[in-house]
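Taking it in order: structure first as structure tokens, then the write-up.
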Amino acid sequence: MFPRKRPSRGPSGQSDLTKPQNKYSQTDFRKSGEIMEDSDLLKVRLEKIAALKTAGVDLYPNDIKPENTTAEIFERFGETIAADLAQLTDKFSLAGRLMAVRNFGKAAFIKIQDRKGLIQCYVAKNILSEQDFSLFKKLDIGDIVYVSGGLFRTKTDELTIEADSIRLASKAIHPLPEKWHGLTDIEIRYRQRHLDLISNPQVREIFHRRSRIIKLIREFMDSHDFLEVETPMMQPQAGGAVARPFKTHHNALGQDFYLRIAPELYLKRLVTGGLERVYEINRNFRNEGISTFHNPEFTMMEFYLSYATYTDLMSFTEELFASIARNIFNKLTFTYQGQEIDLTPPWRRLSVKDALLQIAGMEPADLTDYERAVAFAHKAGCNIRPADPLGKILMAIFDEFVEKKLIQPTFVTDYPIAVSPLSRKSDSNPDLVDRFELYISGREIANAFSELNDPADQRERFVQQLKEREAGDDEAHEMDEDYIRVLEYGMPPTAGEGIGIDRLIMLFTDSASIRDVILFPLLRTKQG
RNA sequence: GGGCCGUUAGCUCAGAGGUAGAGCAGCGGACUUUUAAUCCGUUGGCCGCGGGUUCAAUCCCCGCACGGCCCA
């Protein structure tokens, strides 16, 4: 829209000036500094603005001080009957976006939307000053306005402000989306989130709830004596998870860095440093595809609890989720995308082995015989590499068959060591680790394990990862000597967990796409 | 990365190989208790972009861009 494209060139390569100029071409060359726009709607607005300026109206004043909000007014007077309101002499003032105008010539009903909601105001010629009323007549839907006045109830019993003054607080140049259908074009909603927030109240509600849930999580962690910390997003080596990183460059240092794929290794340094209970709620970046469940930058909470095991974290997690559900829904059941989810503890616990036998339909021999497992995976169309170890093959089958079946909250346990380079080896079976992943509604939402704090074992795991990297797995973990050295100072026995915050918010807001719970999801930049 | 679908007025959507339609918004007019206010009149379109087929393409074909869903 801004500014208009030059006329296209003909095959001769010359600017095609012989054809009749289109009727907009004059507007292409308006002097710089003015808004260049083709639409007649815009032209009308710009003319109105000129008229307001001539009339001495400040389009962008800096002294607007509303003393009330819509929510406050409804809280105090939402139940007050008309007769009692008539006795009330209190005055109120608020500011917000002009969302609707129902005009009767010498009076009008308008709707003003502030951060809390929407309220009706009555604007009448015999109440307002002449100056204010003529200003009102020039306002557009979409302008930010300030009104003050008392309260009354209309014939239809709607709580309404009777405006005794009205001011322009900020002028809108562009028209708003349609009042009834709102804005539904998904691309515009994500790219111009301000319009989405203005015209779709349920979108505001989602982000209010998101903020509330994150506050609840912080309160929960703080009440368990955790320390909230922030660790580097720019890391010389991207560790702590199995994923491809984004790369960036620091000019002054002349060095490449990676955007973190997880805060894990840094948080465990803090645990080694004696902080014992730490958590971080922040962004991670993974250079992978985009889908309804994946945004390249996403929010995760990671926390580490010393002198605890992964089984301790199961009940901890149950408690955390239950406390959120109680706060949001007042109960432990809710509907997600048409499915009833029940968070009542204790949740199902299912080993990977049992899941593969019971849900994927594998035979016991398939779980231990490499060739049989590979054959099963191929038959199922799983995406595996020739050099993949047995553990990886099994998890590929798990992803294919089991994940989507785990609707009610389920702790999947006993993960193969091959896919868990940072987890403590199980005391009962050296091929497995002390780890769980939490699945709800068919999706991984948390991942936890007893942390590997034996530096020698950690070194072996990294060496194994390097082999897989050489075999073509570019997501395999890199050797991190620095981190091993940290462990050599002695890290207390600790359990750690990561919870995907965006996915958790999806659950608690019944959102189908992760982009509906992220204000500005990553989109390809539009060309031209 | 692959498959399918979408892109028409500021917004929400119809449409059809032959001069582009509605509702809302806008503009002009009437109207002092409306609730998507109503009534009369009216402006507004490179039909995503680039090729091709055709007497004629917004429509059919090919490519591209962006988005959505599914798959990897």
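This structure is a prediction, so every number in the text was calculated from the model and none was measured. Below, read A as the first sequence line, B as the second, and so on, with proteins coming before strands; counting in each chain starts at 1.
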Discussion item. What does the B/S/- profile of nucleotides 22-32 of chain B look like, 5' to 3', with a 4.0 Å heavy-atom cutoff to protein?
Written reply: -BBBSS---BB
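With both ends at atom P, the span from B:G21 to B:C62 equals 29 Å, rounded to whole Å. Rounded to whole Å, the P atom of B:G52 lies 45 Å from the corresponding atom of B:G28. Nucleotides B:A22 and B:A14 have their C1' atoms positioned 7 Å apart, rounded to a whole Å. Across the C1' atoms, B:U8 and B:C13 are found 9 Å apart, a figure rounded to whole Å. For B:A36 and B:G45, the C1' atoms lie 25 Å apart once the distance is rounded to whole Å. Between B:U19 and B:A57, the distance separating the two P atoms is 12 Å to the nearest Å. Comparing B:G3 with B:C46, their C1' atoms are spaced 31 Å from each other, to the whole Å. Across B:A56 and B:G41, the matching P atoms stand 40 Å from one another, rounded to whole Å.
Evaluated for a salt bridge (charged side-chain N to carboxylate O under 4.0 Å, His left out) with A:Glu297, the options A:Arg515, A:Arg286, A:Arg283 yield exactly one hit, A:Arg283.
The number of heavy-atom neighbours closer than 6.0 Å to NZ of A:Lys247, taken from other residues, nucleotides and ligands shown, is 12 or below. Residue A:Glu130 qualifies as open at atom CD: its count of foreign heavy atoms under 6.0 Å is 12 or below. Crowding of A:Lys53 atom NZ: a count of heavy atoms from other residues, nucleotides or ligands under 6.0 Å not exceeding 12. No more than 12 heavy atoms of other residues, nucleotides or ligands shown are found within 6.0 angstrom of CD on A:Gln131. Environment of CD in A:Gln202: crowded, with over 12 heavy atoms of neighbouring residues, nucleotides or ligands closer than 6.0 Å.
In this structure, the NZ atom of A:Lys43 is 14 Å from the C1' atom of B:A9, given to the nearest Å. Rounded to an integer number of Å, the gap from CD of A:Gln120 to P of B:A36 is 11 Å. The CG-C1' distance, from A:Leu523 to B:A65, rounds to 14 Å in whole Å. With rounding to whole Å, A:Arg524 atom CZ is found 13 Å from B:C64 atom P. Protein atom CD1 of A:Ile186 is 9 Å distant from nucleotide atom C1' of B:C69, rounded to whole Å. Note: CG (A:Leu183) to C1' (B:G68) measures 15 Å, nearest angstrom. Distance, A:Ile290 CD1 to B:C70 P: 14 Å, rounded to whole Å. Here B:U12 presents its P atom at 11 Å from CZ of A:Arg189, a figure rounded to the nearest Å.
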Worksheet item: Could you walk me through whether A:Asp474 and A:Arg244 pass the salt bridge (Lys or Arg N to Asp or Glu O under 4.0 Å) check?
Response: CA-CA 7 Å; A:Asp474 56 359; A:Arg244 275 188 295 271; 2.9 Å; yes
Worksheet item: Could you go step by step and tell me if A:Lys392 and A:Asp399 meet the salt bridge (Lys or Arg N to Asp or Glu O under 4.0 Å) rule?
Response: CA-CA 10 Å; A:Lys392 265 196 189 171; A:Asp399 290 348; over 6 Å; no
Discussion item. Could you go through A:Lys48 and A:Asp143, starting from their C-alpha distance and side-chain angles, then the distance that decides it, and tell me whether this counts as salt bridge (Lys or Arg N to Asp or Glu O under 4.0 Å)?
Written reply: CA-CA 12 Å; A:Lys48 280 189 177 181; A:Asp143 290 349; over 6 Å; no
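Pair assignment for B:A36: none, as no Watson-Crick or G-U wobble contacts are both less than 3.5 Å. Across every strand in view, B:G1 sits in a pair with B:C71 that passes the Watson-Crick or G-U test at under 3.5 angstrom. Nucleotide B:A16: unpaired (no Watson-Crick or G-U wobble partner with both distances less than 3.5 Å). When both pairing distances are held under 3.5 Å, B:G63 makes a Watson-Crick or G-U pair with B:C49. Across all strands shown, the partner of B:G41 is B:C27, judged by Watson-Crick or G-U wobble contacts whose two distances both fall under 3.5 Å.
Between the side chains of A:Arg209 and A:Thr509, no donor-acceptor pair of N or O atoms lies under 3.5 Å.
Looking only at side-chain heavy atoms (C-beta outward), A:Leu52 and A:Leu135 come within less than 4.5 Å of each other.
Not a single donor-acceptor pair, N or O on each side, falls under 3.5 Å between the base of B:U12 and the side chain of A:Thr184. For B:U34, its base never sits under 3.5 Å from the side chain of A:Glu158 at any donor and acceptor pair.
Residue A:Arg515 places at least one side-chain N or O under 4.0 Å from the OP1 or OP2 atom of B:C69. At B:A37, one or more side-chain N or O atoms of A:Arg102 fall inside 4.0 Å of OP1 or OP2 (strictly under the cut-off).
Ring-plane geometry between A:Phe109 and A:Tyr122 is classed as tilted, the angle between the planes lying from 30 to 60 degrees on a 0 to 90 degree scale.
Place A:Leu522 and A:Arg153 on RNA chain B by their nearest nucleotides, and A:Arg153 ends up nearer the 5' end. Toward the 5' end of RNA chain B, the nearer of the two residues A:Glu162 and A:Gly381, judged by each one's closest nucleotide, is A:Glu162.
Within 4.0 Å (heavy atoms only), A:Glu400 reaches sugar-phosphate atoms of the nucleic acid but no base atom. Among the protein residues, A:Thr292 comes within range of the sugar-phosphate backbone only, with heavy atoms under 4.0 Å from sugar or phosphate atoms but none that close to a base. Note on A:Gly289: nothing from the nucleic acid sits closer than 4.0 angstrom, heavy atoms only. Here A:Phe133 lies out of heavy-atom contact (under 4.0 Å) with every strand.
Of the residues in residues 196-207 of chain A, not one places a heavy atom less than 4.0 Å from an atom of RNA chain B.
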